[in-house]
Amino acid sequence: MKLGLKWKITLLIVSLLLIVVIAVRFIVVEKMRLALTKEVIESGKSIAKNMARPTKDALLGGELGPDYLTLGILASQATEQTNIVYAYVIDSENIVRAYADKSATTKAEEVRNKPYKTPQELIEYSNEGGVRILKDNINGIYEVEVPLKVAEKDIGKVKIGLSQEGIKNAVRQTVNIAVRVTLGILAIGIIGAFLLGNYLVGPIKNLLEGVTEIGTGNFDYKVAVQSRDELGDLTNAFNKMAKGLKERETIKDAFSRYVSHDVLNQVLKNKIQLGGERKLATILFSDIRDFTTMAESLKPELVVEILNEYFTVMTDVIFKNEGTVDKFIGDGILAVFGLPIAHEDDPKRTVQAAIEMQSELNKLHEKWKNEGKPQFKIGIGINTTEVIVGNIGSTKRMEYTVIGDGVNTTARIESLNKNYGTTILISDNTYDIVKDYFVFNDLGEAQVKGKKDTVHIYEVKGYKQENKT
């Protein structure tokens with residue numbers, strides 16, 4: 001059974017309150033019991049000492065000894081008090097000389113002038129200054145024993161029996177009051193804990209709902225801030241997190257249009273540094289033959305539709321081979337293999353992507369033929385070279401791209417397809433790496449626009465039979 005946080009908080013607070021209240025109750029009751037016991041014993045001491053106080057008064061004693069009759073009267077007067085059970089005067093021979101006793105057994109039996117029988121249940125409680133205090137837990141009695149003196153001579157003892165019933169009654173009353181107070185505190189505690197639970201759980205439920213919404217991709221969801229405390233800070237932090245996730249998702253969505261998902265995940269995990277650096281990469285540049293002329297005869301909507309479908313298919317091929325789409329330049333595509341993640345066979349992946357791009361274009365032609373859409377040819381140039389890669393642009397807008405003479409050379413190699421009537425041309429830099437995997441036509445040295453030195457180029461004819469997949 002699942003127990004909600006609100007109820008857990010309530011149970012915890014109530015339990016703590018109960019423990020504290022019970023502990024306080026026991027402490028207070030124990031202190032009260034000790035105080036009442038001390039008060040009763042002190043009262044008994046005072047009465048016993050008054051009875052045993054030595055004096056020359058003829059009423060109490062003289063040279064012939066104490067006046068036991070008078071002491072008997074004092075004993076009777078003492079037992080008239082509620083908390084005094086008995087009062088005994090015993091001589092030095094342990095003979096009862098005077099007494100008063102409320103207990104039923106003693107009332108039925110005359111004990112005067114008989115030996116005093118000390119109850120076996122009595123145990124010593126304290127002994128200070130000649131005054132002994134004994135305790136009878138069975139019958140609930142404290143006994144105060146003081147020496148009886150005449151003319152500084154010990155002639156016996158005075159024993160006062162004090163009932164514990166008064167103490168117990170007072171303690172019981174205190175306990176009853178404490179129980180009522182405890183119940184009142186617990187009732188208030190339960191209500192307070194329940195309100196506190198609602199106060200805490202409400203924002204948590206809102207945050208949980210927010211997490212659920214974020215999980216579904218609703219990054220615009222905002223949790224209302226309900227308090228100016230740690231919960232409010234947590235809610236603000238959650239809203240900032242949602243905003244950050246939205247920005248991250250926007251970046252991810254935008255970046256995913258240019259790199260494969262594997263590369264994107266590596267970038268988002270900060271395993272790939274996007275700062276400027278010099279790297280070896282294989283560049284692929286593709287262009288549509290005579291697209292400007294064709295576009296002039298078509299409706300703009302149809303031109304955009306054809307281009308979007310073409311770019312989508314070509315991008316999928318590049319991503320499949322783990323390349324990165326650097327940018328779309330009009331109807332051209334600049335793709336990079338080996339950045340931001342390098343593979344040992346990036347040149348091979350690039351040539352393979354070029355062959356697949358031509359194959360996918362043929363499939364598009366079949367589709368467009370049935371739809372009455374125009375067809376076109378493409379040219380692809382490939383070059384393995386060192387480039388500068390990084391985030392390049394202004395403070396307002398930046399892009400992750402490659403620059404360098406090798407990039408321009410790749411574009412020039414692509415343009416040579418017009419002269420040779422070919423589709424895929426590669427430089428000798430790439431050829432030296434992939435020559436064992438594909439079939440080529442050596443076209444020799446070629447002059448490219450903007451460069452003094454010639455470039456040795458090769459036409460890609462297809463896969464070698466053993467490498468064809």
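Just so you know, these numbers come straight off a predicted model, no measurement behind them.
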What donor-acceptor contacts under 3.5 angstrom involve side-chain atoms of residues 354-368, with partners at least two apart or in another chain?
from	atom 1	to	atom 2	distance (Å)
Glu356	OE1	Asn321	ND2	3.1
Gln358	NE2	Asn362	OD1	3.2
Glu360	OE2	Lys363	NZ	3.3
Asn362	ND2	Gln358	O	3.4
His365	NE2	Phe376	N	3.4
His365	NE2	Phe376	O	2.8
Lys367	NZ	Glu309	OE2	2.8
Lys367	NZ	Glu371	OE1	3.4
Lys367	NZ	Glu371	OE2	2.8
Trp368	NE1	Glu309	OE1	3.2

Check: Looking at residues at least two apart in the chain, or sitting in another chain, which of them share a salt bridge (Lys or Arg N to Asp or Glu O under 4.0 Å) with Asp405?
Finding: Lys451
Quick one: closest heavy-atom pair of [X] and [Y], and the distance?
X: Thr410; Y: Gly381; result: CG2-O, 3.3 Å
X: Val389; Y: Lys279; result: CG1-CG, 3.8 Å
X: Gln447; Y: Asp453; result: NE2-O, 4.0 Å
X: Ile333; Y: Val325; result: CG2-CG1, 4.4 Å
X: Pro347; Y: Thr430; result: CB-CG2, 4.2 Å
X: Asp346; Y: His343; result: OD2-N, 2.6 Å

Calculate, to the nearest 0.5 Å, the distance between atoms [atom1] and [atom2] belonging to [X] and [Y] respectively.
X: Met314; Y: Leu284; atom1: CE; atom2: CG; value: 11.0 Å
X: Asp136; Y: Ile141; atom1: CG; atom2: CD1; value: 5.5 Å
X: Glu296; Y: Asp290; atom1: CD; atom2: CG; value: 11.0 Å
X: Asn383; Y: Ile283; atom1: CG; atom2: CD1; value: 7.5 Å
X: Asn127; Y: Ile133; atom1: CG; atom2: CD1; value: 8.5 Å
X: Leu134; Y: Ile123; atom1: CG; atom2: CD1; value: 8.5 Å

Margin query: For Tyr125 and Glu143, which I'm curious about, is there any donor-acceptor pair between the side chains at under 3.5 Å?
Written below: no
Check: Which pairs with one or both residues in residues 379-389 pass salt bridge (Lys or Arg N to Asp or Glu O under 4.0 Å), sequence neighbours excluded?
Finding: none
Next item on the list: Could you give me the CA-CA distance, side-chain angles and deciding distance for Phe328 and Leu307, then say whether side chain to side chain contact (heavy atoms under 4.5 Å, CB included) is met?
Entry: CA-CA 11 Å; Phe328 299 109; Leu307 272 180; over 6 Å; no
Between [X] (side chain only) and [Y] (backbone N and O only), is there a donor and an acceptor less than 3.5 Å apart?
X: Asp287; Y: Gly379; result: no
X: Thr282; Y: Phe337; result: no
X: Ser297; Y: Met294; result: yes
X: Asn441; Y: Lys461; result: no

Check: Crowded around Glu344 CD? As in, over 12 foreign heavy atoms under 6.0 Å?
Finding: no
Pairs under 3.5 angstrom only: tabulate donor-acceptor contacts from the side chains of residues 413-425 to other protein residues two or more places apart or in another chain.
from	atom 1	to	atom 2	distance (Å)
Glu414	OE2	Arg289	NH1	3.1
Glu414	OE2	Arg289	NH2	2.7
Ser415	OG	Arg412	O	2.6
Asn417	OD1	Thr422	OG1	2.6
Asn417	OD1	Thr423	N	3.4
Asn417	ND2	Ile380	O	3.3
Asn417	ND2	Glu414	O	2.8

Check: Can you name the ring pair (Phe, Tyr, Trp, His ring centres under 6.0 Å) partners of Phe440, sequence neighbours left out?
Finding: Tyr431
Next item on the list: Please test Ile329 against Phe285 for side chain to side chain contact (heavy atoms under 4.5 Å, CB included), starting from the C-alpha separation and ending with a verdict.
Entry: CA-CA 10 Å; Ile329 308 172; Phe285 188 84; 3.8 Å; yes
Next item on the list: Step by step, work out the side chain to side chain contact (heavy atoms under 4.5 Å, CB included) result for Leu162 and Ile84.
Entry: CA-CA 5 Å; Leu162 305 169; Ile84 296 180; 3.9 Å; yes
Check: Does some side-chain heavy atom of Thr409 sit less than 4.5 Å from a side-chain heavy atom of Ser427?
Finding: no
Item checked: Heavy-atom side-chain proximity of Glu322 to Ile341 below 4.5 angstrom -> no
Next item on the list: For Ala295, check side-chain contact (heavy atoms from CB on, under 4.5 Å) against everything at least two apart and list the hits.
Entry: Phe291, Val303
Margin query: Using side chain to side chain contact (heavy atoms under 4.5 Å, CB included), reason through Thr324 and Leu339 one step at a time and then give a plain yes or no.
Written below: CA-CA 7 Å; Thr324 299; Leu339 297 173; 5.6 Å; no
